[in-house]
Amino acid sequence: MQVNNQVPPPPTGKASDKTSGKTKSRDSRYETLRIVAMLLVVSCHFVAHIGWNLETSGGVTQAVAYAIDQFGGQIGVCIFFIISGYFLVNKDFRVERVLRTMLQTLVYTLLFFIVAVALSSRVEGIPLSLTHLTSLVKGAYQSFLPTFNGTYWFITAYVFLQLFAPLLNAAVHNIPRRAFAQVLVLLPVLSIMAVMTLGQLLWTNLTYAITAYLFGAYIKLNGSRMRIGKRLRPWHVALFMLLSFAAIAAFYYALDMLSITRQFRYSNHHVVGTVPLLPILAVSGIFLILHNGRRRRHAPRANGPTAVQKMIGGLAKTVFGVYLIHENPFIKEPFWNLISALLPKPHSPLLMIPLGVLGVIGVYAVLLLAAFIIDTVLVHPAEKLIIPGLARRLS
């Protein structure tokens, strides 16, 4: 088989915005997915860090909490990775995408490093101190190089995924469909190995990101020809997600009964979730349904996007900031201590679900507002000042 050395151009009618000379309206369905994805990420962190001791309470409560943490949160992560493959597989590499993510991350880490140092003597839980040189040096290192030192595992994986995207695109455009499908079968096996051996082995954060990216790319290129895609219905995906959630909860319940939950919980494999194949398949089902759905319902209006579409688009642009705030290593512990103080553990277990749902929505809304302010005041001006010139030099 002769392999071309260039990625084929996008199909007719799917040209990039740059070549068409027109501003292309984003599909609000996928923008909504971004918003929901970050809500799921916030939900899993809420369960893990709220002072209700959900993941140490034992029994059914602990098993369900782990399932929310490990399955619900990983669905959110998979949406971001799969949506990247779905939309970037037919696009040329643009260094601006990488630079914007890196600059936004840098602005947030520097901002909260300064805030944490200023509050370190008055707020408990901040791992920085003006009187402790080692913590300041470590904090400065994490702040000035957040993308490359794993300050945020997801951001590091996401940036390197974008850097690998041209190579991945070249590969998927130049291999037979059958071979591509075989790769999609083989890669998730590595995630199962990580669970079986209680160690990462070949399944890392980057492997996770690349696997989900390839699933999104495959759906974009071949989704309309997949038999399962034509027969798949929303209730099929909902049932699969429900059964997967129950399976993971039962798995952790069994571990608790065997008294090895703690050892399993804190093993190396945990950083990339429990059985990532399940959320990858669940999200792939969602994308297959959207891909094969009737597009005319979602076609842009002749007079531009509606007010609701504009609002969804604006919120979708802010969700990365939500992650950068509540997962910041300098304010993470005091942030969740504050939330725990505002939301004390209810006396009745029946109140945990409604109070937890309201708590997650409230935290998410506040974080969205804070991220919008930071992006507007700091990130966007920095992008306009730095990105164009730096992109020209790197290109």
Side-chain angles (χ1 to χ4, degrees), residues 38 41-42 44-53 55-56 69 73 77 99-160 205 265-266 268 270-272 318-344 359-360 362-383 385-386:
M38 190 53 68
V41 172
V42 173
C44 92
H45 292 153
F46 181 95
V47 168
H49 301 300
I50 192 70
W52 298 357
N53 301 318
E55 295 188 348
T56 58
D69 185 348
V77 170
L99 293 178
R100 286 194 186 97
T101 303
M102 293 177 64
L103 180 60
Q104 183 183 23
T105 305
L106 178 63
V107 170
Y108 274 76
T109 53
L110 290 177
L111 171 64
F112 288 111
F113 174 72
I114 295 172
V115 171
V117 171
L119 298 178
S120 60
S121 61
R122 295 189 292 272
V123 178
E124 184 179 355
I126 294 179
L128 297 172
S129 174
L130 288 172
T131 60
H132 201 299
L133 181 60
T134 302
S135 69
L136 287 177
V137 172
K138 180 181 178 181
Y141 168 68
Q142 291 177 295
S143 300
F144 283 93
L145 293 171
T147 302
F148 298 104
N149 59 27
T151 300
Y152 301 95
W153 78 264
F154 171 76
I155 297 297
T156 300
Y158 186 78
V159 166
F160 277 92
N205 295 331
R265 161 75 168 163
Y266 292 103
N268 289 331
H270 184 77
V271 296
V272 286
T318 312
V319 295
F320 259 36
V322 170
Y323 175 77
L324 294 172
I325 295 173
H326 80 281
E327 275 295 281
N328 183 276
F330 311 128
I331 67 166
K332 182 177 179 179
E333 184 176 341
F335 173 81
W336 288 111
N337 288 343
L338 175 62
I339 300 302
S340 299
L342 295 175
L343 288 174
V360 168
V363 169
Y364 192 36
V366 171
L367 289 173
L368 278 171
L369 178 60
F372 173 77
I373 295 173
I374 295 172
D375 286 347
T376 302
V377 175
L378 297 176
V379 176
H380 296 329
E383 288 178 346
L385 180 65
I386 297 173

With side chain to side chain contact (heavy atoms under 4.5 Å, CB included) as the test, would you mind laying out the steps for Val42 and Val363 before giving the verdict? CA-CA 8 Å; Val42 173; Val363 169; 4.1 Å; yes
Stepwise, does the side chain to side chain contact (heavy atoms under 4.5 Å, CB included) test hold for Val379 with Phe320? CA-CA 12 Å; Val379 176; Phe320 259 36; over 6 Å; no
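Residue Cys44 comes nearest to Gly73 through the heavy atom pair CB-CA, 3.7 Å, listed as atom of the first residue, atom of the second, then distance. Listed here is the closest heavy atom pair of Leu343 and Gly359: CD1-CA, 3.7 Å. Closest of all the heavy-atom pairs between Gly125 and Pro334 is O-CD, 3.7 Å. Residues Ser143 and Gly139 share a closest heavy-atom pair of OG-O, 2.7 Å. In terms of heavy-atom proximity, Ser135 sits nearest to Pro127 at CB-O, 3.6 Å. Taking each heavy atom of Gly321 and Gln104 in turn, the nearest pair found is N-NE2, 3.8 Å.
Between Phe148 and Phe160, the ring-plane angle classifies as perpendicular under the 30° and 60° cut-offs. The aromatic rings of Tyr323 and His326 lie perpendicular to each other, with more than 60° between the two planes, well past the 30° mark.
Atom CG in Leu324 sits 5.0 Å away from atom CD1 in Ile155 (nearest 0.5 Å). Between the CD1 atom in Ile374 and the OG1 atom in Thr318 there is a gap of 11.0 Å [rounded to 0.5 Å]. Atoms CD1 and CD1, on Ile126 and Ile331 in that order, are 8.5 Å from each other to the nearest 0.5 Å. The distance from atom NE2 of His380 to atom CG of Leu103, rounded to the nearest 0.5 Å, is 11.0 Å. Atoms CG and CE, from Leu145 and Met102 in turn, are 8.5 Å apart once rounded to the nearest 0.5 Å. Rounding to the nearest 0.5 Å places CG of Asn205 at 8.5 Å from OG1 of Thr156.
Residues Phe112 and Ile325 have side chains in contact (heavy-atom distance under 4.5 Å, counting atoms from C-beta outward). Inter-residue side-chain proximity for Asn337 and Glu124 is flagged as unmet; no heavy-atom pair is nearer than 4.5 Å. For the pair Leu119/Phe330, no side-chain contact is recorded, criterion being any heavy-atom separation below 4.5 Å from C-beta on. In this structure, Asn328 and Tyr152 have side chains that are in contact, with non-hydrogen atoms separated by less than 4.5 Å.
A donor-acceptor pair under 3.5 Å links the side-chain atoms of Thr109 to the main chain of Leu106, judged by distance alone. Trp336 places no side-chain N or O within 3.5 Å of a backbone atom of His45 that could act as its donor or acceptor partner. In terms of modelled atom types and a separation under 3.5 Å, the side chain of Thr151 and the main chain of Gln142 share a donor-acceptor contact. Asn149 places a side-chain N or O within 3.5 Å of a backbone atom of Tyr141 that can act as its donor or acceptor partner.
When only modelled atom types and interatomic distance are considered, Asp375 and Tyr108 share a side-chain donor-acceptor pair under 3.5 Å.
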